[in-house]
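Since this is a predicted model, take the numbers as computed values, not measurements. Sequence lines set the chain letters: A, B, ... in the order given, protein chains first and strands last, and positions in each chain run from 1.
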Amino acid sequence: MFRVVRRLPSNDVEWTDFDRVTPTARLTAQRSGRIEAGDVADEIGRVEAETRPRWVWDDTPRWYPRLLGAGVRVSRIVDLRLVHALLRSSSATEGSALHGAARGPWDTAQAATDDASALFELVPESLPDPVAEFLAQREAIEASPARAGLELLVAAESTGALVAVEMRRRGIPWSPIVHDAVLTELLGPRPGPGERPAHMRDDLDEIRVALGDPDVNPDSPVELRKALNRAGIPVTSTSKWQLSEHEHPVIEPLLRYKKRQRLLVANGWSWLDAWIRDGRFRPDYVPGGVVTGRWATSGGGALQLPKAVRRAVVADPGWKLVVADAAQLEPRILSGLARDAAMAKAGEGDLYEGIVRSGAVADRPQAKVAMLGAMYGATRGESGRLVPRLARAFPRAMAYVDAAAAVGEGGGVVSTLLGRSSPRPGAGVAPDVMPPEMPRADGDGASRAWGRFTRNFVVQGTAAEWALCWMAALRRRLYDTWGERGEAAPHLVLFLHDELVVHSPADVADLVAEQVRLAAVEAGELLFGPSPVRFPLTVAVVDDYGQAK
DNA sequence: CACTGATGCGCG
DNA sequence: AAAGCGCGCATCAGTG
């Protein structure tokens with residue numbers, strides 16, 4: 001049963017139930033009712049406990065923080081805003097009213113608020129009708145030839161929205177003491193305002209001596225490049241990889257300085273002051289924030305935590321972190337997409353070792369660089385040279401990504417396994433690439449760049465779908481097994497594309513690790529059914545995130 | 001002063 | 001200055 005909820009201007013909530021009588025029957029409204037503003041959380045909690053409907057609402061950040069604050073967790077929802085975005089652009093909904101609909105209120109990002117106290121006090125703007133939108137979405141899904149995939153995708157995307165709010169509510173356990181110790185070790189003690197940390201002052205002295213320039217400011221790329229050129233180092237940019245190609249006394253201290261400057265600026269003491277409260281880091285996750293379906297974050301850079309500061313993610317006393325990483329996820333996804341039996345066989349154990357054993361390449365590093373080259377569309381360098389050898393060993397996999405690239409080069413749309421479609425070139429939300437021009441002979445025009453994007457889209461996007469299913473399956477398993485423990489139950493605290501971290505009471509951490517593995521098996525079956533492709537994990541039960549891997 | 005784009009680097 | 005995808009963020013550099 002679906003229960004569509006809608007907040008009225010009075011802040012009362014109106015609900016309407018839709019039952020699915022048979023898989024093919026049109027949904028019809030069965031019952032409806034109204035909840036007074038003050039009873040919303042209690043009533044939703046009561047209905048959830050009794051019938052566990054699939055709640056349908058406009059935008060999860062507008063509903064769920066307040067519910068969680070009142071102790072109400074829900075199992076299943078449809079997030080109309082996220083699903084609208086999926087269905088509107090999906091090739092699998094062609095012919096439906098939703099497909100290619102004009103941009104409207106469902107396409108404009110809602111004012112995301114996590115301020116639970118303000119949520120229901122907001123004067124609702126003239127919100128679009130959630131019942132009409134829900135019916136349009138159901139119609140698009142049920143008429144689609146790719147219905148099964150869309151149903152799964154819609155459920156996974158929506159559950160991701162729940163997890164994002166839940167993770168932000170719990171926060172990542174963070175030790176400011178350890179973080180400060182890391183910074184002090186790498187940079188020196190916390191400096192006064194406007195001062196450089198001690199180790200960076202030492203680096204700077206060395207840089208200035210080596211360049212014979214007592215005033216050079218390495219924070220200014222333009223100034224630095226000129227100073228380097230004056231010292232006889234012919235760099236055209238100040239990027240670290242170009243610097244490291246030259247022999248000169250300035251290079252080593254300069255690279256050290258840049259590394260430290262990066263840490264200071266991105267995750268230094270001011271980051272600590274801004275983002276850590278009461279021993280928790282609460283980033284603002286943005287499900288579906290990336291065109292491929294990956295999550296993004298806004299503020300805090302939670303998906304780019306440097307390895308060096310991960311030691312500061314410390315489990316509470318009596319708790320552990322269960323850190324799980326899907327090994328070589330994207331190439332495994334490709335072997336599933338392409339139904340490449342030879343590649344699936346190579347992936348029975350470590351995929352890259354398997355590729356070596358197949359005879360395609362000489363060693364594991366070569367296997368890795370060749371595989372990445374195949375998925376990203378490398379044409380030059382070592383990677384580009386190795387790709388053809390991979391293509392001989394795994395022709396089906398290679399044909400799959402080559403076909404996706406060809407579609408993109410021709411200005412077409414590609415889709416993931418479950419039905420998320422790539423943007424049309426030049427659609428605006430697209431990556432920073434110009435739309436393809438007429439195919440040209442110069443070998444690397446904009447159309448080639450777009451082809452590399454669509455080549456990668458099918459793999460990255462399907463990997464994101466696997467990861468959402470993995471996370472959703474784990475969420476359900478954690479709740480089913482330990483849900484009655486309430487706040488003391490193991491809970492997800494981080495989701496990093498192909499990696500999950502669960503904060504767990506120590507006594508059940510090993511059982512959590514087992515559930516993480518079972519959830520990965522479940523995700524593989526959801527996407528690929530009976531298939532030889534495997535999705536092995538590396539799982540570590542640790543006290544701090546720095547100990548994992 | 002505010003704004004925008006480029007640069008460089010952290011992550012997957 | 002990447003070769004080869006997807007991001008966020010701080011800072012600099014240039015413009016209005």
Item checked: Spacing of the P atoms in C:dG4 and B:dG5 (rounded, Å) -> 26 Å
Notebook entry, point to check: So which of residues 225-239 of chain A are in contact with DNA chain C, with a heavy-atom cut-off of under 4.0 Å?
Noted result: A:Thr236, A:Ser237
Notebook entry, point to check: Any idea how A:His179 and A:Trp174 line up, ring-wise: parallel (<30°), tilted (30 to 60°), or perpendicular (>60°)?
Noted result: tilted
Margin query: In whole Å, I'd like the distance from the CG atom of A:Leu272 to the P atom of C:dA10.
Written below: 15 Å
Next item on the list: Output yes when A:Arg260 and A:Asp202 qualify as a salt bridge under the 4.0 Å nitrogen-oxygen rule, no when they do not.
Entry: no
Note to self: With nearest nucleotide decided by heavy atoms, which residue, A:Tyr376 or A:Val265, maps closer to the 5′ end of DNA chain C?
What the structure shows: A:Tyr376
Notebook entry, point to check: If you check every side-chain atom of A:Arg380, which of C:dA3, B:dG10, C:dG6 has the closest atom?
Noted result: C:dA3
Note to self: Is the phosphate of C:dC5 approached by A:Arg452 (side-chain N or O, under 4.0 Å from OP1 or OP2)?
What the structure shows: yes
Margin query: Quick check on B:dG10: is either OP1 or OP2 less than 4.0 Å from any side-chain nitrogen or oxygen of A:Lys307?
Written below: no
Next item on the list: Answer with base, sugar-phosphate or nothing: what part of the nucleic acid does A:Ala296 contact at a heavy-atom distance below 4.0 Å?
Entry: sugar-phosphate
Margin query: Please list, in numerical order, the residues of residues 360-375 of chain A that have a heavy atom closer than 4.0 Å to any atom of DNA chain B.
Written below: none
Margin query: Nearest to the side chain of A:Phe453, heavy atoms from C-beta on, is which of C:dC5, C:dA13, C:dA3?
Written below: C:dC5
Notebook entry, point to check: How close or far is atom P of C:dG4 from atom CD of A:Glu330, stated in whole angstroms?
Noted result: 17 Å
Notebook entry, point to check: What nucleic acid atoms does A:Gly377 come within less than 4.0 Å of, heavy atoms only: base, sugar-phosphate, or nothing?
Noted result: sugar-phosphate
Next item on the list: Look at the side chain of A:Thr292 and decide which nucleotide, out of C:dG6, B:dC9, C:dA13, has an atom nearest to it.
Entry: C:dG6
Item checked: A:Phe281 and A:Trp271: CA distance, side-chain angles, deciding distance, ring pair (Phe, Tyr, Trp, His ring centres under 6.0 Å) verdict -> CA-CA 11 Å; A:Phe281 173 34; A:Trp271 182 93; 4.9 Å; yes
Next item on the list: Treating a pair as Watson-Crick (purine N1 to pyrimidine N3 plus N6-O4 or O6-N4) or G-U wobble (N1-O2 and O6-N3) with both distances under 3.5 Å, list the stems of 3 or more consecutive pairs that involve DNA chain C.
Entry: B:1-12 with C:5-16
Notebook entry, point to check: Is a salt bridge present between A:Glu166 and A:Arg170, judged by a nitrogen-to-oxygen distance below 4.0 Å?
Noted result: no
Next item on the list: Quick one: label A:Gly300 by what it contacts on the DNA or RNA (base, sugar-phosphate, nothing), any heavy atom closer than 4.0 Å.
Entry: sugar-phosphate
Notebook entry, point to check: If you look at every strand shown and take non-hydrogen atoms under 4.0 Å, does A:Leu329 touch a base, only sugar-phosphate, or nothing?
Noted result: nothing
Check: Would you call A:Arg208-A:Asp215 a salt bridge at under 4.0 Å N-O?
Finding: no
Item checked: Sidechain-backbone polar pair: A:Arg389 side chain, A:Ala360 backbone, donor-acceptor under 3.5 Å -> yes
Next item on the list: For A:Leu496 and B:dC11, give me the distance from atom CG to atom P, rounded to whole Å.
Entry: 11 Å
Notebook entry, point to check: For atom P, what is the distance between C:dA1 and B:dA6, given to the nearest Å?
Noted result: 13 Å
Next item on the list: Specify whether A:Phe453 and A:Phe457 have parallel, tilted or perpendicular ring planes, treating 30° as the upper limit for parallel and 60° as the lower limit for perpendicular.
Entry: perpendicular
Notebook entry, point to check: Would you say the side chain of A:Arg262 and the base of B:dC9 hold a donor-acceptor pair, judged only by whether the two atoms sit under 3.5 Å apart?
Noted result: yes
Notebook entry, point to check: Strictly by modelled atom types, are A:Ser415 and A:Ser421 linked by a side-chain donor-acceptor pair under 3.5 Å?
Noted result: yes
Check: For A:Glu245 and C:dA3, what is the distance between atoms CD and P respectively, to the nearest whole Å?
Finding: 14 Å
Margin query: Is any side-chain heavy atom of A:Gln261 closer than 4.5 Å to one of A:Met200?
Written below: yes
Checklist line | Heavy-atom neighbours of A:Ile177 CD1 exceed 12 at 6.0 Å | finding: no
Checklist line | For A:Trp269, side chain to side chain donor-acceptor pair (under 3.5 Å) partners two or more places apart | finding: A:Asp180
Next item on the list: Tell me what A:Arg385 touches on the nucleic acid: a base, only sugar-phosphate, or nothing, going by heavy atoms under 4.0 Å.
Entry: nothing
Under 3.5 Å, which donor-acceptor pairs do the side chains of residues 302-315 of chain A form with other protein atoms, sequence neighbours left out?
residue	atom	partner	partner atom	Å
A:Arg310	NE	A:Leu305	O	3.1
A:Arg310	NH1	A:Tyr545	OH	3.4
A:Arg310	NH2	A:Leu305	O	3.1

Next item on the list: Could you tell me the separation between the CD atom of A:Glu499 and the P atom of B:dC11, rounded to a whole number of Å?
Entry: 12 Å
Check: Of all the nucleotides listed (B:dC9, C:dG4, C:dG8), which has the minimum atom distance to the side chain of A:Thr297?
Finding: C:dG8
Next item on the list: May I ask you to decide whether A:Asp498 forms a salt bridge with A:Arg332, counting only side-chain N to carboxylate O separations under 4.0 Å?
Entry: no
Check: Can you find a side chain N or O atom of A:Lys240 that sits less than 4.0 Å from OP1 or OP2 on B:dG10?
Finding: yes
Check: Taking DNA chain B as the partner, which of residues 211-221 of chain A come within under 4.0 angstrom of it by heavy atom?
Finding: none
Next item on the list: May I ask you to decide if the ring planes of A:His503 and A:His491 are parallel, tilted or perpendicular, using 30° and 60° as cut-offs?
Entry: perpendicular
Note to self: Quick check on A:Asp273: does its CG atom have over 12 non-hydrogen neighbours (other residues, nucleotides or ligands) under 6.0 Å away?
What the structure shows: yes
Checklist line | Any side-chain heavy-atom pair of A:Asp543 and A:Lys320 under 4.5 Å | finding: yes
Item checked: Nucleotide C:dA2, atom P - distance to CG of A:Leu243 in whole Å -> 12 Å
Checklist line | Value in whole Å for how far the C1' atom of B:dG8 lies from CH2 of A:Trp241 | finding: 13 Å
Notebook entry, point to check: Considering only side-chain heavy atoms of A:Thr379, which listed nucleotide, C:dA1, C:dA3, C:dG6, is closest?
Noted result: C:dA3
Next item on the list: Measure the distance from CH2 on A:Trp295 to C1' on C:dC7 and round it to the nearest whole Å.
Entry: 15 Å
